[in-house]
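Each ligand, and each atom within it, is numbered from 1 in the order the structure gives. On a predicted model such as this, the values are computed, not experimentally measured, just so you know.
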Amino acid sequence: MFTPPFSSDAMFHRKSLLPVINPDKAGNPLKHPAPKAPRIFADSATRSEIEPLFRAGIVNGITTNPTLLKKAGAKSWGEAKEIMKDLCALLKPHPVSLELTELAEDAMVRQASELSELGENSIIKVPIGGYRAVNPAADPYTGLKVIRRLWERGIKVNTTLIFNTTQALWAANAGATYVSPFLGRLADYGYKHDQPGRTPGNSLYWVEDPKNAKGDQVMHNSEYVASGGALKDAGARLIFEISTVFANYQIKTEILAASFRNPVQLTECLLAGADILTVPAAVLATVADHPLSDEGMKAFAEDSKAFGK
Ligand code: G3P
């Protein structure tokens, strides 16, 4: 398990910046029993998924990207903008991340202004790198230059596609308000590429096999982690590294952990020091469940029949 070697004032300071989570019905800040809890965002652009979660106080932010907008039905940039505008209005004043699709510095800065106008709660999502993967002649510092220019204009940035601590540090230095490490994709990569029997990097993902080789049920990872089992997920390790580096240098950029595959990763990210978790609706739908809760509820429901109506 990634136990921080210290609990510095800086680490606490970053967390103490978290706002009160839920307003009361009149919109006044309500004293929440967990005011310093991490915030939970919906990783979605689909209003029908987000709205019930938002109304129930389960999420208070959204992260979108071009893939999620396409999934939400956008077939043109105009339609994508309509969806983003609608989501900003729904969530106001909570943050909604809107991703740039332009690939060149000046065009990206212009597009950031365009997206900022969709809602005052918009946050501009800027990919940290990968520009040369799309255009070999591209400037490798494109993302960092854009973050810097947006910071100078007071536009809040969520830096996306973060896969290592270096990328997170450079984004923070450029002025990003949030960094989004994609921990699920890292673990997916390990799952595909790790060699079984060698360095463990993907033990979490054996949970996808419902039976082991002998045909027995494989233990759920929630039990495994709760029992103090080894934490070997590369994604959680990344969150822990970024969290520690930011604490060491009193960096206030928030760590917005993204790309979740299962609820175990949520716990791991919290142990590792994430400030915000952005979670797909399908994963959020499982957070209140556990096989033993199911068993317990069935027994309570059965026994309560003894009391009649
Ligand atoms: O917020 C980033 C997230 O949408 C990426 O998730 O599932 O495509 O790896 P995924």
(request) Provide the full list of salt bridge (Lys or Arg N to Asp or Glu O under 4.0 Å) pairs with a residue in residues 280-290, sequence neighbours left out, each pair given once. (result) none
(message) Strictly by side-chain hydrogen bond (donor to acceptor under 3.5 Å, both in side chains), give each pair with a member in residues 127-142 just once, sequence neighbours left out.
(response) D139-K145
(message) For residues 69-78, which residue pairs pass the side-chain hydrogen bond (donor to acceptor under 3.5 Å, both in side chains) check, not counting sequence neighbours?
(response)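 The answer is W77-E114.
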Ligand 1 polar-atom proximity to protein (N/O, under 3.5 Å):
unit_1, atom_1, unit_2, atom_2, d
ligand 1, 1 (O), D43, OD1, 2.9
ligand 1, 1 (O), D43, OD2, 3.2
ligand 1, 4 (O), D43, OD1, 3.2
ligand 1, 4 (O), D43, OD2, 2.8
ligand 1, 4 (O), N65, ND2, 3.1
ligand 1, 7 (O), R261, NH1, 2.8
ligand 1, 8 (O), R185, NH2, 2.7
ligand 1, 9 (O), R185, NE, 2.7
ligand 1, 9 (O), S259, OG, 2.8
ligand 1, 9 (O), R261, NH2, 2.9

(request) Check the surroundings of atom CD in E120: do more than 12 heavy atoms from other residues, nucleotides or ligands lie under 6.0 Å from it? (result) no
(request) Mind running salt bridge (charged side-chain N to carboxylate O under 4.0 Å, His left out) on E302 and K298 for me, showing each step along the way? (result) CA-CA 6 Å; E302 187 54 36; K298 280 191 217 156; over 6 Å; no
(message) With a 4.0 Å cut-off on N to O distance, would you call K252 and D275 a salt bridge?
(response) no
